[in-house]
Amino acid sequence: MADSVVLVLNQNYEPLNVCNLRRALVLLSRGKAEIIEQGPGVLRSPSQVFPRPSVIRLVNLIKRPRPKARLCRKEIFRRDNYTCQYCGARAKDLTLDHVVPRHKGGRHTWENLVSACRACNHRKGGKTPEQARMHLRRQPFEPRASSAYLFHHYLDHYVEWQKFIPGWEQAG
């Protein structure tokens, strides 16, 4: 039960987040959510049997700001499709490269970070791409945090969630 997760939908069926099974049961027992999809098996208490929720929908609409992708190493690699942005090689041991080096005023932002293989990162060193006579295959950008982007890593395991995640076929 401890590792079970539940997809939480807003009242309008928009995916909000993923919570643990315990939190989902609290929302259900307080009447704040309803079960939309059941998971495998049931939950038992000493006196009752409950369906195991896999997808729940909140009774009231929650307003919140649009989610943003987290700026971290894993997300940079994912945005760049695990490909060096200088030579185009796909590699498992990628590094992060600041397009404009930090010591030259480059910032730690989506628009200044790219995936680079070790050889290209070493070749570029502390230079700009122009100084190193290297070119980027694609301009770095901040990815849009769609539902498919945010929840893609759950979709292979929780097949019943796929119909609630628009664009899940393109994710991953």
Pairwise side-chain contact, [X] with [Y], heavy-atom cut-off 4.5 Å (strictly under):
| X | Y | value |
| --- | --- | --- |
| V55 | V6 | no |
| L43 | P53 | yes |
| L16 | L9 | no |
| N112 | P140 | no |
| V5 | W161 | yes |
| I56 | L28 | yes |

When S115 is tested against each of I76, T83, D97 for side chain to side chain contact (heavy atoms under 4.5 Å, CB included), which residue passes?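 The option that passes is I76.
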Which pairs pass ring-ring contact (aromatic ring centres under 6.0 Å, His included) with one or both residues in residues 75-108, sequence neighbours excluded?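 Non-adjacent pairs meeting ring-ring contact (aromatic ring centres under 6.0 Å, His included): H98-H108.
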Name all residues meeting the side-chain hydrogen bond (donor to acceptor under 3.5 Å, both in side chains) criterion together with E160; count only those two or more places apart in sequence or in a different chain, and write none if there are none.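 Once residues adjacent in sequence are excluded, the partners of E160 under the side-chain hydrogen bond (donor to acceptor under 3.5 Å, both in side chains) criterion are S54.
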Test of understanding: with side-chain hydrogen bond (donor to acceptor under 3.5 Å, both in side chains), list the residues that count as partners of K104, not counting sequence neighbours.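 K104: side-chain hydrogen bond (donor to acceptor under 3.5 Å, both in side chains) contacts with Q131.
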Residues two or more places apart in sequence or in another chain: which of them pass salt bridge (charged side-chain N to carboxylate O under 4.0 Å, His left out) with [X]?
| X | result |
| --- | --- |
| R138 | D80 |
| E34 | R57 |
| E14 | R66 |
| R118 | D93 |

Just how far is it from atom [atom1] of [X] to atom [atom2] of [Y], taken to the nearest 0.5 Å?
| X | Y | atom1 | atom2 | answer |
| --- | --- | --- | --- | --- |
| R90 | C84 | CZ | SG | 12.0 Å |
| C117 | K92 | SG | NZ | 15.0 Å |
| L94 | Q85 | CG | CD | 9.0 Å |
| S4 | L25 | OG | CG | 9.5 Å |
| N10 | N60 | CG | CG | 9.5 Å |
| L113 | L71 | CG | CG | 6.0 Å |

Which other residues end up in the same hydrophobic cluster as [X], if Ile, Leu, Val, Met, Phe, Trp and Tyr are linked when side-chain heavy atoms come under 4.5 Å apart?
| X | value |
| --- | --- |
| L61 | none |
| V100 | none |
| V49 | V42 |

Taking atom CZ of R44 as the centre, does the number of heavy atoms from other residues, nucleotides or ligands within less than 6.0 Å exceed 12?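 Open.
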Holding to side-chain contact (heavy atoms from CB on, under 4.5 Å), I want the full list of residues that pass it with Q139, two or more places apart in sequence or in another chain.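 So Q139 forms a side-chain contact (heavy atoms from CB on, under 4.5 Å) with L136.
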Tell me, please, which residues at least two apart from C72 pass side-chain contact (heavy atoms from CB on, under 4.5 Å).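 C72 satisfies side-chain contact (heavy atoms from CB on, under 4.5 Å) with R70, K74, E75 once adjacent residues are dropped.
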Backbone N/O of K127 and side chain of K124: donor-acceptor pair under 3.5 Å: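 Looks like yes, one N/O pair under 3.5 Å.
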May I ask you to decide if C87's main-chain N or O and R137's side chain share a donor-acceptor pair within less than 3.5 Å?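 Here the side-chain-to-backbone pair exists.
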Same cluster for L21 and F50 if Ile/Leu/Val/Met/Phe/Trp/Tyr side chains link at under 4.5 Å?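 L21 and F50: one cluster.
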If Ile, Leu, Val, Met, Phe, Trp and Tyr residues are connected whenever their side-chain heavy atoms lie under 4.5 Å apart, and connections chain through other members, are Y158 and Y13 in the same group?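 In one cluster with Y158: Y13, yes.
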Where do I165 and L7 land on the side chain to side chain contact (heavy atoms under 4.5 Å, CB included) test, with the steps shown first? CA-CA 10 Å; I165 310 293; L7 176 64; 4.2 Å; yes
Regarding R79 and the six-membered ring of F141, is the cationic atom NZ or CZ under 6.0 Å from the ring centre and inside 45° of its axis?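 Judged by the rule, R79 and F141 form a cation-pi pair.
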Hey, mind stepping through K68 and E142 against side chain to side chain contact (heavy atoms under 4.5 Å, CB included) and telling me if it holds? CA-CA 9 Å; K68 290 186 165 237; E142 182 174 352; 4.0 Å; yes
